[in-house]
Amino acid sequence: MLGALVNVILPVVLVACVGFVLARLFPIDIDSVNKVSLYGFTPALAYATVVTTKVSARDSLMLTGAYLAAMTLAAVVAVAAAHLLTPAPSKVSVGSAAGSGSGPPVTGEPHGTRRIVVGCTIIGNNGNFGLPIALLALGKQGLDQALVIFIASLLVMFTIGPALLGARDGLMGGIKRVLLLPVTWALVAALVMRGSGASTPAPLMSSIQLLADAAVPLVLLCLGLQLGQNLKVHLTRPVLVSVGLRVVVVPLAALLVGHAFGLSGLTLQSLVLACAMPTAVNAYMLAREFSDDPRTAASAVALSTFVSIPLIALVITLLPGL
């Protein structure tokens with residue numbers, strides 16, 4: 001476990017810390033940096049990975065299906081837990097609930113809070129955290145499989161996520177958002193090139209590869225920037241429930257579903273490792289856009305990120321036995 005902490009987790013944390021410090025020192029527009037990452041670098045990573053990957057189409061489909069099934073199972077558990085453990089209808093102050101005695105009141109309406117709990121459970125950080133950790137823990141082949149899961153997680157994040165957190169345009173609006181993402185079209189273009197047997201012109205491929213190589217460190221910087229500007233953690237019951245579900249229940253659900261799908265070796269390891277990632281910062285971004293309780297999501301993101309560090313190290317240590 002110590003080796004996983006030093007060799008895998010520490011490099012990731014150190015790069016993220018650079019972003020954290022920059023966010024504390026300078027007024028950085030995080031939304032713009034996120035757009036550069038999501039619209040400029042991540043599509044290049046997706047394209048380069050698909051045209052060069054050795055992951056078979058069958059393994060990709062199995063991995064995607066297993067990931068979606070694991071998220072469905074986790075969502076069912078989260079719905080049950082949220083109904084049991086979220087507070088009764090009332091007006092509460094998140095700050096006072098955390099013992100800080102400060103903070104503006106937020107609506108404690110349980111339905112919205114329960115949706116936040118479920119959203120923070122199934123929207124995982126398979127980009128900022130998942131890609132670099134997969135690369136360091138499982139190598140290039142592990143990164144290829146992590147990218148398959150990352151693309152599946154985008155589907156969950158931008159379709160189910162907004163609908164779950166209160167977007168009025170529902171599931172169809174979410175599908176439209178996914179179709180507008182450049183990473184979707186980069187994936188389509190790469191699949192066409194791979195399926196046709198054509199090769200990307202060398203100058204273009206070199207440019208794409210340069211962007212792809214920079215994608216992983218950039219997403220880590222983005223994570224640090226986001227945590228640097230949203231560090232406050234309010235230890236309310238919904239926050240603790242969602243974090244517990246995300247860092248404990250989701251990896252166990254992945255292990256159970258992976259065995260049910262007949263996955264083994266690197267494919268099973270990639271699935272379990274991806275599902276051990278903390279709640280994605282985008283869960284907070286979506287909550288800020290569509291929900292009346294974004295503080296719960298922000299606290300869940302920050303707390304799950306810190307709590308997941310030793311747990312991910314433990315998972316990496318146990319992976320060879322899967």
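The shortest non-hydrogen separation linking Ala23 to Ile28 is N-CD1, 4.3 Å. Taking both residues in full, the closest heavy atoms of Ser304 and Val247 are given as O-CG1, 4.1 Å, listed atom of the first, atom of the second, then distance. Of all heavy-atom pairs spanning Met62 and Leu263, the tightest one is CB-CD2, 4.0 Å. The shortest non-hydrogen separation linking Ile116 to Ala297 is CG2-N, 4.0 Å. Considering every non-hydrogen atom in both Pro238 and Thr113, the closest pair reads CG-CG2, 3.4 Å. Here the shortest heavy-atom pairing between Phe129 and Ser308 reads CE2-OG, 4.0 Å.
In this structure, Val51 belongs to a hydrophobic cluster whose other members, linked by side-chain heavy atoms under 4.5 Å apart, are Tyr47, Met193, Leu204, Met205, Ile208.
Here the straight-line distance linking atom CD1 of Ile122 with atom CD1 of Ile160 works out to 6.5 Å at 0.5 Å rounding. With values rounded to the nearest 0.5 angstrom, Ile149 atom CD1 is found 10.0 Å from Ser60 atom OG. Between Ile309 atom CD1 and Ile312 atom CD1 the span is 7.5 Å, to the nearest 0.5 Å.
Every residue two or more places apart in sequence or in another chain that forms a side chain to side chain contact (heavy atoms under 4.5 Å, CB included) with Asp144 is listed here: Thr49, Thr53, Val55, Lys140. With sequence neighbours left out, Leu154 forms a side chain to side chain contact (heavy atoms under 4.5 Å, CB included) with Phe150, Phe158, Val183. Listed by chain and residue number, nothing satisfies the side chain to side chain donor-acceptor pair (under 3.5 Å) test with Asp31 (two or more places apart in sequence, or in another chain). Legend: residues meeting side chain to side chain donor-acceptor pair (under 3.5 Å) with Lys35, ordered by chain and number and at least two apart, are absent. Remark: Ser32 engages Asp29 in a side chain to side chain donor-acceptor pair (under 3.5 Å) (not counting sequence neighbours). The side chain to side chain contact (heavy atoms under 4.5 Å, CB included) search around Thr64 returns Leu68, Val148, Ala152, not counting sequence neighbours. With sequence neighbours excluded, the residues that form a side chain to side chain contact (heavy atoms under 4.5 Å, CB included) with Val18 are Leu22, Leu221.
Residues Val15 and Val216 are not in side-chain contact: their nearest non-hydrogen atoms beyond the backbone lie 4.5 Å or more apart. Within the 4.5 Å cutoff, the side chain of Ile30 has no heavy atoms near those of the Cys222 side chain. The side-chain heavy atoms of Val250 and Met71, taken from C-beta on, include a pair separated by under 4.5 Å. The shortest distance between side-chain heavy atoms of Ile9 and Ile133 falls below 4.5 Å. Looking at Leu235 and Leu303, their side chains come closer than 4.5 Å, going by heavy atoms from C-beta outward. You'll find the side chain of Ser299 stays beyond 4.5 Å of the side chain of Thr236, heavy atoms only. The side-chain heavy atoms of Leu143 and Leu131, taken from C-beta on, include a pair separated by under 4.5 Å.
Screening residues 67-79 for side chain to side chain donor-acceptor pair (under 3.5 Å) gives Tyr67-Asn126 as the qualifying pairs, with residues at least two apart or on separate chains. Applying the side chain to side chain donor-acceptor pair (under 3.5 Å) definition to pairs two or more places apart or across chains, those involving residues 208-224 are Gln209-Asp213.
Cluster annotation: Tyr39 and Trp185 are assigned to distinct hydrophobic clusters (Ile/Leu/Val/Met/Phe/Trp/Tyr, side-chain heavy-atom contacts under 4.5 Å, transitive). Residues Ile123 and Val76 do not share a hydrophobic cluster, clusters being chains of Ile/Leu/Val/Met/Phe/Trp/Tyr side chains in contact below 4.5 Å. Under the 4.5 Å side-chain heavy-atom criterion for ILVMFWY residues, a single connected hydrophobic cluster contains both Leu211 and Val36. A chain of hydrophobic side-chain contacts below 4.5 Å, direct or via other Ile, Leu, Val, Met, Phe, Trp or Tyr residues, connects Val33 to Leu25. There is no path of hydrophobic side-chain contacts, each under 4.5 Å, that joins Leu14 to Leu220.
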CA sep, side-chain torsions, deciding dist, call: Val241, Leu84, side-chain contact (heavy atoms from CB on, under 4.5 Å):
CA-CA 10 Å; Val241 170; Leu84 288 173; over 6 Å; no
Please set out all donor-acceptor pairs under 3.5 angstrom arising from side-chain atoms of residues 267-280, sequence neighbours excluded.
unit_1, atom_1, unit_2, atom_2, d
Gln269, NE2, Leu319, O, 3.1
Ser270, OG, Leu266, O, 2.8
Thr279, OG1, Cys120, O, 2.8

